[in-house]
Amino acid sequence: MRLVVKPAVERIRWAKLLLYRKESCDVECLYSRSPAVLFSVVCMVWFFFSYFCKNIFFKRYMKKIYLKDWMKLHPYTKTDSIDQYYVRVANEILLILDRHLDSVDRDWREYTALILTGWFEDVISQTGIWQTFTGECEKCYGARLPFYPIGVDYLPDEVNKEDICFLLWHATQQYFWDEQLISPESPFIMEAGARIYALLSKEYITAPENERMKEYFSNVSFSDTDFLVYRERVEWFHYHCYFNVGAEDDYMNQIDAMLEEVDVFVDDDGLNEELLGKVHYDLRKNLMLSSRCNLLSLTSPEWLTLIWKHNGVAPGPWEQVEVEKPNYYLYMLQDDEAIYACSLCGDLKKVVISKKSLNDNMLVLKSRKTVLTCRLVKFGTYWYVNGILMANQKSEVKPLIEDMDEQQTGHHRKYAYEQFRKASKGSPLVYFKDRKDAQDFILGKMRLQIADWDELFEDGGEDGFFLMASPATGLHLQQTCVKCICSPDNPVYDKAEAEMDSFIYLTDSLTIPYELSCMLQDRGMLPDVCADGRDFLKDNARFVTDYFFHKRRDKDAADLEAWRQ
């Protein structure tokens with residue numbers, strides 16, 4: 001039964017008056033009023049105890065993980081005793097995280113416990129996800145895991161402390177993404193990792209295999225026309241599999257960023273909910289196929305391809321899935337099965353688009369006049385529209401076509417790079433002490449016209465500027481952390497400042513483009529990134545750079561070897 005008393009503020013004021021009134025200084029008087037005093041004390045204690053239990057203790061420590069939370073990480077809905085077992089394990093892991101990971105909020109600790117339990121289920125059930133990851137990691141970086149040396153007792157298909165610590169680091173780093181670089185050797189990671197390892201090592205002997213999950217990742221078969229079925233698999237894997245930590249948050253963050261452009265979604269009648277719904281749909285369907293926010297900067301289709309090959313799945317159209325960037329397509333003709341069109345931007349190609357991915361009201365088209373705007377996915381014989389499809393007359397979107405073609409071909413960027421190389425006589429970067437010197441170099445020696453100088457020089461510059469270039473980026477004016485670059489051409493290099501800040505070149509894609517960060521690392525111009533307690537970067541700089549930039553050299557810098565030398 002709940003005790004109903006006066007409001008908290010009034011209760012406390014009333015109790016204080018009884019306790020601290022003038023007469024209470026007289027011992028005899030105080031004792032004569034002892035029942036009232038005692039009651040006031042009890043009220044105060046009860047109030048603070050209730051508040052602590054409700055708002056601090058129970059919220060922070062006593063909330064459990066339930067079966068419905070666990071099922072969010074699974075592609076089926078009917079539960080069984082195996083799911084109940086793993087929920088119990090997840091709650092035991094959560095108790096450990098409550099003791100060691102109190103720097104993150106409770107919801108994220110629950111999520112981390114689910115991630116670790118999902119990994120444990122993967123190991124027990126041999127679904128092949130984690131083994132595929134560690135195998136690919138070894139191909140890319142020469143080790144099955146970043147940060148943690150693999151000893152002779154490491155067994156790829158069993159529970160390992162190193163795997164647990166890496167997942168703890170990964171989940172924690174995702175939580176603090178924009179705030180700080182987490183050391184994988186942090187005490188809370190090592191201590192929690194050791195305790196969770198001890199727990200799961202005991203559970204390993206009796207833990208049940210989840211045959212349904214094993215079947216889900218092994219029994220895979222698609223025909224050439226099963227794109228929509230395939231896409232459902234990708235959607236679950238991208239947004240719900242334990243492996244893709246933070247994918248749902250990434251989607252919501254991008255939605256929030258789009259909603260800041262309020263004018264786009266507001267018309268004369270107020271918020272255009274229909275348009276907003278289409279944008280939600282389009283973004284969600286395309287992120288799951290093209291996002292590189294996953295581990296090792298591979299897309300979810302790329303990861304599923306590797307996992308299915310690891311599990312011995314029979315060859316099929318899933319092996320050669322192609323995801324195009326958004327493009328404009330000139331409609332040519334159609335038949336009962338498909339629409340035939342030609343891309344207008346980037347590498348020009350003819351495409352055959354399955355009508356199964358089109359809305360009926362989009363099929364009234366004019367040959368060589370109608371332009372389709374969409375993102376296409378090649379699956380088997382046909383291309384399929386993924387997300388929103390728009391149709392316009394070619395004359396209406398001609399300027400947009402020209403802009404997109406420049407973005408995809410990069411003619412101006414490549415020209416600027418060539419002009420920079422000539423003007424700098426092959427040097428990878430040129431230092432300028434002020435804006436005037438930089439403008440004189442760009443106008444005079446490079447012979448380039450800049451439309452908006454203020455936009456180019458919008459940040460920093462107190463310590464001078466570095467001008468760099470690459471075929472993919474074009475010109476890049478480095479205006480922040482200039483003192484961190486160790487080069488004979490840098491008169492303001494400051495080792496002390498570099499030891500504090502140079503790691504930013506490995507972790508912040510807004511500071512420098514990916515390929516230029518790689519260039520500085522390859523040329524030894526960032527020797528101080530491992531200082532100030534960041535020794536873990538010494539042998540893991542490439543992994544960390546790829547992790548934070550969502551890129552990798554074999555896909556994003558493979559053609560840049562010549563200019564990096």
* Given side-chain hydrogen bond (donor to acceptor under 3.5 Å, both in side chains), test Tyr85 with Glu203 step by step and report yes or no. => CA-CA 10 Å; Tyr85 165 82; Glu203 296 288 344; 2.7 Å; yes
* Asked: Hey, mind stepping through Thr225 and Ser223 against side-chain hydrogen bond (donor to acceptor under 3.5 Å, both in side chains) and telling me if it holds?
  -> CA-CA 5 Å; Thr225 58; Ser223 70; 3.2 Å; yes
* **side chain to side chain contact (heavy atoms under 4.5 Å, CB included) between Tyr148 and Met190, intermediate numbers included** => CA-CA 11 Å; Tyr148 305 100; Met190 304 307 292; 4.1 Å; yes
* Is there a side chain to side chain contact (heavy atoms under 4.5 Å, CB included) between Arg552 and Ser297 once you walk through the steps? -> CA-CA 6 Å; Arg552 47 191 281 168; Ser297 302; 4.3 Å; yes
* Yes or no on side chain to side chain contact (heavy atoms under 4.5 Å, CB included) for Tyr76 and Met71, after CA distance, side-chain angles and deciding distance? -> CA-CA 8 Å; Tyr76 54 82; Met71 297 310 295; 3.4 Å; yes
* Asked: Going through the checks in order, is the ring pair (Phe, Tyr, Trp, His ring centres under 6.0 Å) test met by Trp383 and Tyr329?
  -> CA-CA 12 Å; Trp383 290 87; Tyr329 297 91; 7.9 Å; no
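In summary, the aromatic rings of Phe237 and Trp303 are positioned with their centroids too far apart to meet the 6.0 Å limit. Two rings, from Trp236 and Tyr216, have their centers less than 6.0 Å apart. The aromatic ring centres of Phe133 and Trp119 sit 6.0 Å or more apart. Ring centroids of Trp308 and Phe222 are separated by less than 6.0 Å, placing the two rings close together. Annotation: Trp130 is not in aromatic contact with Phe120 [ring centroid separation under 6.0 Å not met].
Residues Lys72 and Tyr239 are not in side-chain contact: their nearest non-hydrogen atoms beyond the backbone lie 4.5 Å or more apart. The shortest distance between side-chain heavy atoms of Leu168 and Ile196 falls below 4.5 Å. Using a 4.5 Å cut-off on side-chain heavy atoms (C-beta onward), Ile124 and Asn210 make no contact. Counting heavy atoms from C-beta on, the side chains of Leu358 and Leu389 come closer than 4.5 Å. The closest side-chain heavy-atom distance from Trp70 to Val89 is not below 4.5 Å. Between Ile164 and Val159 there is a side-chain heavy-atom pair separated by less than 4.5 Å. Within the 4.5 Å cutoff, side-chain heavy atoms of Ile129 are placed close to those of Phe217. Annotation: side chain of Arg106 is in contact with side chain of Asp98 (closest heavy-atom distance under 4.5 Å).
For Ala338 against Val352, the heavy-atom pair with the smallest separation is CB-CG1, 3.4 Å. Considering every non-hydrogen atom in both Ile65 and Ala113, the closest pair reads CD1-CB, 3.8 Å. Across Ser357 and Ile353, no two heavy atoms sit closer than the pair OG-CG2, 4.2 Å. Residues Cys345 and Leu348 share a closest heavy-atom pair of N-CD2, 3.9 Å. The shortest non-hydrogen separation linking Phe549 to Ser517 is CZ-CB, 4.3 Å.
A salt bridge links Arg553 with Asp522; the closest basic N to acidic carboxylate O contact falls under 4.0 Å. Ionic pairing of Asp546 and Lys555 is not present here: no N-O contact between side-chain nitrogen and carboxylate oxygen is shorter than 4.0 angstrom. Using a 4.0 Å cut-off between charged side-chain N and carboxylate O, Asp336 and Lys355 make no salt bridge.
The line from CG of Asp224 to CZ of Phe379 is 7.5 Å long, rounded to the nearest 0.5 Å. Taken to the nearest 0.5 Å, the OH atom of Tyr66 stands 9.0 Å off from the CD atom of Glu110. Here the OG-NE2 distance, from Ser218 to His310, works out to 10.0 Å after rounding to the nearest 0.5 Å. If you take CD on Gln254 and CG on Leu283, they are separated by 5.5 Å, rounding to the nearest 0.5 Å. Distance SG/Cys241 to CG/Leu73: 7.5 Å, rounded to 0.5 Å. Remark: Tyr328 OH to Leu372 CG distance equals 11.5 Å, nearest 0.5 Å.
Side-chain atoms of Glu121 and Thr117 include no donor-acceptor pair closer than 3.5 Å.
The side-chain hydrogen bond (donor to acceptor under 3.5 Å, both in side chains) contacts involving residues 340-353 comprise Glu324-Lys349, Asp335-Tyr340, where partners must be two or more places apart or lie in separate chains. Within the structure, salt bridge (Lys or Arg N to Asp or Glu O under 4.0 Å) contacts touching residues 228-243 (residues at least two apart or in different chains) are Glu235-Arg284, Glu235-Lys285.
The closest donor-acceptor contact from the side chain of Asp122 to the backbone of Gly118 lies at 3.5 Å or more, if one exists at all. Within the 3.5 Å criterion, the main-chain N or O of Glu302 finds a donor-acceptor partner in the side chain of Thr299. A donor-acceptor pair under 3.5 Å is formed between the side chain of Asp80 and the backbone N or O of Ile82. When atom types are taken as modelled, the side chain of Asp282 and the backbone of Gly387 share no donor-acceptor pair closer than 3.5 angstrom. Formation of a donor-acceptor pair under 3.5 Å by the Asn160 side chain with backbone atoms of Asp163 is not found in this model. Remark: the backbone N or O of Cys293 is paired with a side-chain donor or acceptor of Ser291 at under 3.5 angstrom. Between the side chain of Asn244 and the main chain of His240, no donor-acceptor pair closer than 3.5 Å is present. At least one donor-acceptor pair under 3.5 Å links the side chain of Asn294 to the backbone N or O of Leu298. Proximity of a side-chain donor or acceptor of Thr134 to a complementary backbone N or O of Gln131 within less than 3.5 Å is detected. A donor-acceptor contact shorter than 3.5 Å is absent between the side chain of Arg375 and the backbone of Val323.
Shown are Glu215, Glu209, Met213; of these, the side chain to side chain contact (heavy atoms under 4.5 Å, CB included) with Glu211 is made only by Glu209.
Around atom NZ of Lys394, no more than 12 heavy atoms belonging to other residues, nucleotides or ligands sit under 6.0 Å away. More than 12 heavy atoms of other residues, nucleotides or ligands lie within 6.0 Å of CD in Glu138, so this atom counts as buried by the packing criterion. By the 6.0 Å contact criterion, CZ on Arg88 is enclosed, its count of non-hydrogen atoms from other residues, nucleotides or ligands being greater than 12.
Relative ring orientation between Phe147 and Phe543 is described as perpendicular, the plane-to-plane angle rising above 60° on a 0-90° scale split at 30° and 60°. Classification of the Trp108-Tyr111 ring pair by plane angle, with boundaries at 30° and 60°, yields perpendicular.
For His100, the side chain to side chain contact (heavy atoms under 4.5 Å, CB included) partners are Ile96, Glu191, Ala192, Arg195, not counting sequence neighbours.
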